[in-house]
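No experiment lies behind these values; they were computed from the predicted model shown. First listed ligand is number 1; within each ligand, the first listed atom is number 1.
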Amino acid sequence: MQTQTLERLESNVRTYSRSFPVVFTKAKNARLTDEEGREYIDFLAGAGTLNYGHNNPHLKQALLDYLDSDGIVHGLDFWTAAKRDYLETLEEVILKPRGLEYKVHLPGPTGTNAVEAAIRLARVAQGRHNIVTFTNGFHGVTMGALATTGNRKFREATGGIPLQGSAFMPYDGYLGKNADSLDYFEKLLGDNSSGLDLPAAVIVETVQGEGGINVAGLEWLKRLERICRDNDILLIVDDIQAGCGRTGKFFSFEHAGIKPDIVTNSKSLSGFGLPFAHVLMRPDLDKWKPGQYNGTFRGFNLAFATAAAAMRQYWRDDTFERDVQRKGRVVEDRFQKIAAWISEQGVPASERGRGLMRGIDVGSGELADKITAKAFEKGLVIETSGQAGEVVKCLCPLTIPDEDLLKGLDILEESVKEVVA
Ligand code: PLP
């Protein structure tokens, strides 16, 4: 495989190609193919970007039809027919059935762009600067978003510029099973001398993806919403990784029955892997003046076409979400067995997750890396997350056929047995 040019010219900053050092050429649903024709099962799926699989035929057709019609591809933030169709479909298929009313801000196309826009909006709307975020949270690596991201590796890479405007609180479970970490937050809010500036907003992931598949309890999320309401703090749910069906509902916060003031989506929003993000906001929070926040790529018309097609194809009824929940239980069951087996070998391990966002915590990044490297040798692409990369995580396409899901799980189990034995 010819990798010399790639190694020579691409910056040292590259990451995934270190774990999977082959040249990929093709992909279909949950399978990737490399230049030598070898196939891999994909449990990474663009780190949660390909919930509907690689080259999903329904979405590809929508994209090809759109291109074939010479539809507008780039139009700054012009009104286009594709944008109108996207917004109408979002309202009809996703928002209305869930009793949600939001206005839509189309920022730049990546997750961190959406987070920047969301926290800026919260500050503008509230006239306050402080954003409360949580331990192990990951919200992106541009300066504003990075200030709300916990991981030191990313925080230290600013060239010394201080990260400002945020305060970290302990996430659910951070202080141990018997403590409700929100007691601490609530105490600080109620104490004029705590040093916590009254926040404009709280930003939270309902399941922390990069932070190690840490799952916030539903009661904890409800209490967080209550605390925000009682203290005039906006609640931002960053659903960039956990949204678009990953946890078994379109929005991950649906499980808790809460209604965030602001929501960020990106990753799987276009459905096809095209760069695309939006920020949903309570209509009365739309305090932006025209053009006050801009960018050349505000809404991507090709992504409007595929995103609308994805909503129509998968979210008109609950068939798809029930199937995701079923597959989630398959992974949960197998991960529990694998974790129990690892623990029996004297290495404490545990399983956690919600829907098809699941992981096995094997206690150390070194062991997790050995497992994922072995899995790759055997034809499975799977990555780690967590503060030390100690969680082997499954983010397979939600559309993965059962046969591939079971094969991927078998490969993972064999890899664990070879590495841990
Ligand atoms: N927010 C969450 C919850 C994420 O998981 C990520 C990326 O993994 C981001 C924000 C940043 O998204 P992007 O990498 O597209 O900037």
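- The heavy atom nearest to atom 13 (P) of ligand 1, considering only Ser385, Gly111, Gly108, Ala242, is found in Gly111.
- Less than 4.0 angstrom separates atom 15 (O) of ligand 1 from at least one non-hydrogen atom of the protein.
- With respect to Arg352 and Asp361, a salt bridge is recorded, a charged nitrogen being found less than 4.0 Å from a carboxylate O.
- For Arg229, the side chain to side chain donor-acceptor pair (under 3.5 Å) test picks out Glu225, Asp261, with sequence neighbours left out.
- Classification of the Tyr86-His278 ring pair by plane angle, with boundaries at 30° and 60°, yields tilted.
- Considering backbone and side-chain atoms together, Glu205 places no N or O closer than 3.5 Å to any N or O of ligand 1.
- For the pair Arg223 and Asp180, the salt-bridge criterion is met [side-chain N within less than 4.0 Å of a carboxylate O].
- Against a heavy-atom cut-off of under 4.0 Å, Ile240 is close to the following atoms of ligand 1: 1 (N), 2 (C), 4 (C), 6 (C), 9 (C), 10 (C).
- Scanning the protein for heavy atoms near atom 8 (O) of ligand 1, the closest one is Lys267 NZ, 3.1 Å.
- Among all protein heavy atoms, the one lying closest to atom 1 (N) of ligand 1 is Asp238 OD2, 2.7 Å.
- In summary, the atoms of ligand 1 found under 4.0 Å from a heavy atom of Gln241, numbered by their order in the structure, are 5 (O), 8 (O).
- In this structure His105 satisfies the side chain to side chain donor-acceptor pair (under 3.5 Å) test together with Trp288, sequence neighbours excluded.
- Scanning the protein for heavy atoms near atom 2 (C) of ligand 1, the closest one is Phe138 O, 3.3 Å.
- A heavy-atom distance below 4.5 Å is not found between the side chains of Asn56 and Asn29.
- Looking at Ser266 next to ligand 1, no N or O pair under 3.5 Å apart turns up.
- Considering CD of Gln241 and CD of Gln208, their distance stands at 10.5 Å, rounded to 0.5 Å.
- Look at Gln208 and you'll find every heavy atom at least 4.0 Å from all atoms of ligand 1.
- Set against the non-hydrogen atoms of Thr112, the atoms of ligand 1 under 4.0 Å away are 11 (C), 12 (O), 13 (P), 16 (O).
- Taking the charged nitrogens against the carboxylate oxygens, Arg322 and Asp318 do have a contact shorter than 4.0 Å, which makes a salt bridge.
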